[in-house]
Amino acid sequence: MPCLSALLSDTVQAAFTAAGLPAELGQVKLSDRPDLGQYQTNGALAAAKLARKPPRAVAEGVAEILDGDPRLAGVSIAGPGFINLTLTDAFLAAHVADLAADDRLGVEAVRDPQTVILDFGGPNVAKPMHVGHLRASIIGDSLQRLFRHLGHRVISDVHLGDWGYPMGLLIAEMARRRPDLPYFDAGFQGPYPADSPVGLEDLEALYPEAAAAAQAEPERRRQASAATAALQSGRPGYRALWQHFLDISVAAMKRDFDALGVHFDLFKGEADVDPLIAPMVERLADHAIAERDEGALVIRVAEDGDKAEVPPLILEKADGGVMYATTDLATIVDRVTAFDPDLVLYVVDQRQHLHFEQVFRAARRGAISGHARLEHIGFGTMNGTDGKPFKTRAGGVMKLQDLLSMATEEAEARLGEAGLAADYPAEERAEIARLVGIAAVKFADLQNWRMSNYIFDLDRFMRFEGRTGPYLQYAAVRIRSLLRKAAAQDLRPGAILPPEAPVERDLMLTLARLPDAVAVAAAKRAPHELCDYAYDLAQGFSRFYAACHVLSADDADRQASWLMLAHTTERALDRLLDLLGIAVPERM
RNA sequence: GUCCCCGUAGCUCAGCCGGAUAGAGCAUCAGAUUCCUAAUCUGAGGGCCGCAGGUUCGAAUCCUGCCGGGGACGCCA
């Protein structure tokens with residue numbers, strides 16, 4: 001089922017062609033002036049020069065052709081030559097009825113499904129998940145839901161940072177503190193202990209201390225680098241210790257991701273491609289794609305036309321260790337072999353843009369086979385209200401877990417204030433608070449264009465009124481409640497009638513935009529487009545709800561039509577919230 | 001220094017492959033509940049779209065320069 005704006009574009013483009021004008025100028029979009037029309041096309045202005053006629057005359061020519069269209073109630077020309085279109089109420093109602101009858105609400109599945117891999121540039125082992133991980137997680141999650149819904153084959157990979165210098169740093173720090181452990185005894189015959197020598201809290205404390213110490217002392221840095229190289233070359237004790245770190249960290253991350261409602265198909269990490277690195281490096285060196293420079297093995301990726309110098313990608317450091325550019329390349333090799341993807345999206349902080357440019361260029365230069373399009377989906381950093389990188393009041397980073405607890409507590413408090421869920425069982429109330437808190441946090445993040453840096457303002461995150469996640473949940477829940485009450489009175493949704501009230505017409509027009517919103521969000525890889533639209537739709541319903549009292553309607557047919565409108569809106573909201581990764585409670 | 005992102009209402013942000021009167025939420029002020037959930041709805045005020053040029057019939061949108069914020073720039077991730 002084609003969406004409304006595409007349908008109108010086809011019609012208007014045909015009219016442009018009939019008028020002897022380029023069809024592409026007949027693109028129809030939502031009106032900027034709802035007082036003059038529902039849709040508009042500005043092509044006559046651009047066509048004026050080609051046609052050597054005044055824009056108004058061009059517009060009149062096109063309007064004349066359109067005039068007989070039975071779907072259009074009005075075709076008018078305004079200003080210098082804008083063509084404004086208004087649909088007949090009958091056609092609008094019929095279109096929304098089609099939408100309502102469609103499982104996918106008019107969102108067509110793609111004709112050529114692609115294999116899409118989403119790389120979340122995952123958290124590093126031994127570092128607790130903090131608010132900085134929020135963006136990649138929820139933007140990436142929304143994108144995976146979106147692409148999947150469009151019918152693509154999506155494989156998401158958390159892609160842990162578990163194989164670089166920080167791992168060596170931790171091992172070196174442990175060697176310093178606990179040299180007695182068997183992991184550091186080169187002659188140890190095994191087996192190594194099954195239990196980790198450190199717990200999660202120890203591990204999380206270890207990293208910042210080790211990093212600070214290394215920062216201050218070059219000798220410690222050297223030791224950490226040596227430990228990294230030894231780990232990567234397979235020293236058994238180091239591998240055993242590293243495995244403990246990994247297991248502990250992964251368990252903690254899974255807990256945090258679960259709490260957030262974010263799931264991955266693969267929980268892989270850099271270390272998983274370790275076996276692929278040596279052969280890949282060898283091949284690149286043999287084919288002279290990689291070369292020695294200052295002791296390191298590098299791939300030169302500078303290209304003519306670069307505005308800034310693009311430094312070579314370091315495949316292998318002078319000390320033999322590898323960095324994440326190498327593991328990222330090997331990961332591409334791995335993915336091409338396993339999935340032969342058409343598209344790989346890296347949902348990673350915009351600051352790593354140059355890194356990805358290097359990796360993508362190296363890949364194109366022959367580091368990998370396969371045809372995958374590689375795309376960095378960058379996003380801006382999260383700052384505090386002072387515009388500087390976000391810190392807690394105490395000056396530290398805020399753990400993801402703590403943020404979610406705060407949001408839940410706040411939601412619980414607000415439930416009390418608003419008098420909602422007062423008589424629900426305590427357990428359900430707690431679950432509602434949890435869902436509301438997460439919705440607030442996710443929507444507050446997702447509604448921003450991902451490239452912008454944005455201000456992480458706790459107070460604002462904890463507000464549940466206006467353009468927020470909870471507003472959307474509330475709208476959906478209210479519709480459910482309405483439909484439940486209707487069903488209890490044996491009232492069912494029925495045929496959608498042509499609208500009478502303006503709010504009714506507006507809601508129909510808004511519903512018809514769903515496919516466009518989804519398409520734009522996917523094309524721009526921009527969940528905020530979904531947020532924008534979801535808010536418009538929820539607000540459209542709230543207005544309708546305030547103006548049209550469904551259950552007390554006199555006319556049974558009108559009432560059934562309204563119920564169908566409500567039901568369809570609910571389905572659309574549910575779909576949108578699902579694409580945003582926001583769950584809706586049954587009631588609240 | 002070079003390059004990238006950002007600069008729009010008091011605050012937080014949409015709008016940016018040119019188009020009519022630049023939108024939303026919050027905050028402020030004024031209203032709405034004998035009836036479907038007021039976490040709602042209605043209305044008002046609030047703008048040299050960072051600055052200056054340029055292109056164009058037309059610029060928040062495209063180009064150039066400058067200013068301000070953030071970031072990246074070879075052996076961290």
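These figures come from a predicted structure and were not determined experimentally. Letters go in sequence order (proteins before strands), and every chain restarts at 1.
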Quick one: CD on A/Glu270 to CG on A/Leu160, what's the gap to the nearest 0.5 Å?
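Reported value, rounded in 0.5 Å steps: 8.5 Å.
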Between the side chains of A/Arg222 and A/Glu217, is the shortest nitrogen-to-carboxylate-oxygen separation below 4.0 Å, so that they form an ion pair?
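Judged by the 4.0 Å cut-off on N to carboxylate O distance, A/Glu217 and A/Arg222 do not form a salt bridge.
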Between A/Arg292 and A/Glu316, does any NZ, NE, NH1 or NH2 come within less than 4.0 Å of an OD or OE carboxylate oxygen?
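A salt bridge links A/Glu316 with A/Arg292.
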Are [X] and [Y] linked by a side-chain donor-acceptor pair shorter than 3.5 Å?
X: A/Asp274; Y: A/Gln232; result: no
X: A/Thr381; Y: A/Arg135; result: no
X: A/Gln539; Y: A/Tyr535; result: yes

Picking from [options], which would you name as closest to the side chain of [X]?
X: A/Arg543; options: B/U42, B/C75, B/G19; answer: B/U42
X: A/Pro312; options: B/C35, B/G74, B/A20; answer: B/G74
X: A/Lys524; options: B/U56, B/G70, B/G15; answer: B/G15
X: A/Met323; options: B/A77, B/A14, B/U12; answer: B/A77
X: A/Gln352; options: B/A77, B/A14, B/G74; answer: B/A77
X: A/Pro166; options: B/G74, B/A77, B/A20; answer: B/A77

Can the ring centres of A/Tyr324 and A/His355 be said to be less than 6.0 Å apart?
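Yes, the ring of A/Tyr324 comes within the 6.0 Å limit of the ring of A/His355, centre to centre.
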Looking at the base of [N], is there any donor atom on it, or on the side chain of [X], that sits under 3.5 Å from an acceptor on the other one?
X: A/Gln40; N: B/A20; result: yes
X: A/Gln539; N: B/C41; result: no
X: A/Asn84; N: B/A20; result: yes
X: A/Asp32; N: B/G19; result: no

NA contact type, [X], heavy-atom cut-off 4.0 Å: base, sugar-phosphate, or nothing?
X: A/Asp349; result: nothing
X: A/Glu294; result: base
X: A/Ser481; result: base
X: A/Gly380; result: nothing
X: A/Leu45; result: base
X: A/His528; result: sugar-phosphate
X: A/His353; result: nothing
X: A/Pro80; result: nothing
X: A/Val298; result: base
X: A/Leu169; result: nothing
X: A/Tyr324; result: base
X: A/Ile455; result: sugar-phosphate
X: A/Tyr165; result: sugar-phosphate
X: A/Asp293; result: base

Can you tell me, in whole Å, how much space there is between the [atom1] of [N] and that of [M]?
N: B/A24; M: B/C62; atom1: C1'; answer: 26 Å
N: B/A72; M: B/A9; atom1: C1'; answer: 33 Å
N: B/A27; M: B/C11; atom1: C1'; answer: 8 Å

Under the 5.5 Å and 30° test, is A/Tyr545 stacked on the base of B/C41?
no
